Amino acid sequence: MRIPGADLGAQHAPLREDLLAAFARLLESAQFIQGPDVRAFEEEFAQYCGARHAVGVANGTDALVLALRALDIGPGDRVAVPAFTFAATAEAVCLVGAEPVFVDIDPATCNMAAAGLEAAIREHRTRIRAVLPVHLYGRPAAMDEILALASSVGAAVVEDAAQAHGARYRGRRAGSLGRVACFSFYPTKNLGAAGDGGALTTNDDAVAARLRLLRDHGQTGKYEHAVVGCNSRLDTLQAAILRAKLPHLDAWNARRRAIAARYTAGLDGLAGVTPPAAGAGDELVHHLYVIRSPRRDALQQHLAAAGIATSVHYPRALHQQGAFAAHASGRAFPAAEAAAREVLALPCYPELADAAVDEVCAAIRAFASGSAGG
Ligand SMILES: *Cc1c(COP(=O)(O)O)cnc(C)c1O
């Protein structure tokens, strides 16, 4: 059996009628920009996240940039980001002219380490104006510790929730934990559009109002431009598709958790393979199911030969990337570097069958026993 890394066709097949109806409705109304589905989706998504406001934007990267702009973060300011995440997290900081301060990760969770943030705050003090934790792979970051440390220097906390739609931290949803949160609806995210899309959530009325201005050329009314904004609107078409998919998100996330539990049981006790840590009371949404192996590259090749698609998120830590190396001032981030060498994402999406999970586990067991002693 060939096992792909994602199967959006299988996700969309049972929704085909709903999605086609959304297309048809839009073609007839022709309200492609800021049509009624945008506001309706924003209300439904805000409610889903347990936040007062949601603001749709063009993609998750823009969401991060606009969050920082809404908080007036720019040149001269520093923003703490994990050293191990998708590039967009640090890219957004650079795009507003601020300086990313890298923080090493907790090796058990791959999320920003509270101890590392504490050290960064001790060093940079109030020049750190925001902290940008990522809920990596769908696991909430250590928000209580991060919020306390940030507030000790008056820094805002911006959640990068691009991989965590629906995750709960101590009972509360991602998107309701920081001052503002950023989501991506890239097609393979837990909630995905038919193209690019993004949103921000916040409980802060002023931040929400500012985001609405910034995403639409700073317009307070037609051709009235109060501030310099940009064009980063969520397409009506994407909003309509997201509205059709949002009611299924909880069931999809539950299926991801069942798949993760099956993997963890199936890989139990295997030498040289470390499954992800349990959630410790938090509700993970397993955007990715990521194991660690010191022989990651050989394992990935072994699985590819068996027709099993896997992926590496991410093969380099941010300070090891040409784009960001200059911001690391030559420092090492050993936990981030080790993760970059060892992480491997196994197929994990709601449409994946139990039999496929078992086959992946069997292939990993075969690799482990074949290489035992070697
Ligand atoms: C996907 C992702 C983004 C960027 O979202 P886009 O919609 O692709 O711009 C940002 N941060 C993280 C952690 C992501 O996974």
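All figures in this text were calculated on a predicted structure; none of them were measured in a lab. For the numbers below, each heavy atom of this structure counts, side chains included, while hydrogens, waters and symmetry mates do not. Every number for a ligand or one of its atoms is a count from 1 in the order of the listing. Throughout, residue positions are numbered sequentially from 1 according to the sequence presented.
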Closest non-hydrogen protein atom to atom 11 (N) of ligand 1, residue and atom name please, with distance?
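Ranking protein heavy atoms by distance from atom 11 (N) of ligand 1, first comes Asp160 OD2, 2.8 Å.
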
Of the protein's non-hydrogen atoms, which lies at the shortest distance from atom 9 (O) of ligand 1, and what is that distance?
Thr61 OG1, 2.5 Å

Could you tell me if any non-hydrogen atom of Lys189 lies under 4.0 Å from any atom of ligand 1?
yes

With a 4.0 Å cut-off on heavy atoms, is Asp196 touching ligand 1?
no

Count the heavy atoms of every other residue, nucleotide or ligand shown that sit under 6.0 Å from [atom1] of [X], and state whether that count exceeds 12.
X: Arg39; atom1: CZ; value: no
X: Tyr186; atom1: OH; value: no
X: Phe32; atom1: CZ; value: yes

In terms of atom number and element, which parts of ligand 1 are under 4.0 angstrom from non-hydrogen atoms of [X]?
X: Gly60; value: 5 (O), 6 (P), 7 (O), 9 (O)
X: Val134; value: 13 (C)
X: Ala162; value: 2 (C), 3 (C), 10 (C), 11 (N), 12 (C), 14 (C), 15 (O)

For atom 15 (O) of ligand 1, the option (of His287, His313, Gln163) bearing the nearest heavy atom:
Gln163

Are the side chains of Leu318 and His327 in touch, meaning some heavy atoms are under 4.5 Å apart?
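Sidechains of His327 and Leu318: no contact.
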
What I want to check is whether the side chains of Tyr289 and Thr264 have a donor and an acceptor closer together than 3.5 Å.
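A pair is found: one side chain offers a donor N or O, the other an acceptor, under 3.5 Å apart.
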
Any nitrogen or oxygen of Tyr186, main chain or side chain, under 3.5 Å from a nitrogen or oxygen of ligand 1?
no

Under the rule for salt bridge (Lys or Arg N to Asp or Glu O under 4.0 Å), what residues qualify as partners of Arg316, not counting sequence neighbours?
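Arg316: no salt bridge (Lys or Arg N to Asp or Glu O under 4.0 Å) contacts found.
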
For the pair Arg292 (side chain) and Gly272 (backbone), establish whether a donor and an acceptor sit closer than 3.5 Å, ignoring hydrogens and angles.
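No, because the side chain of Arg292 does not come within donor-acceptor range (under 3.5 Å) of the backbone of Gly272.
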
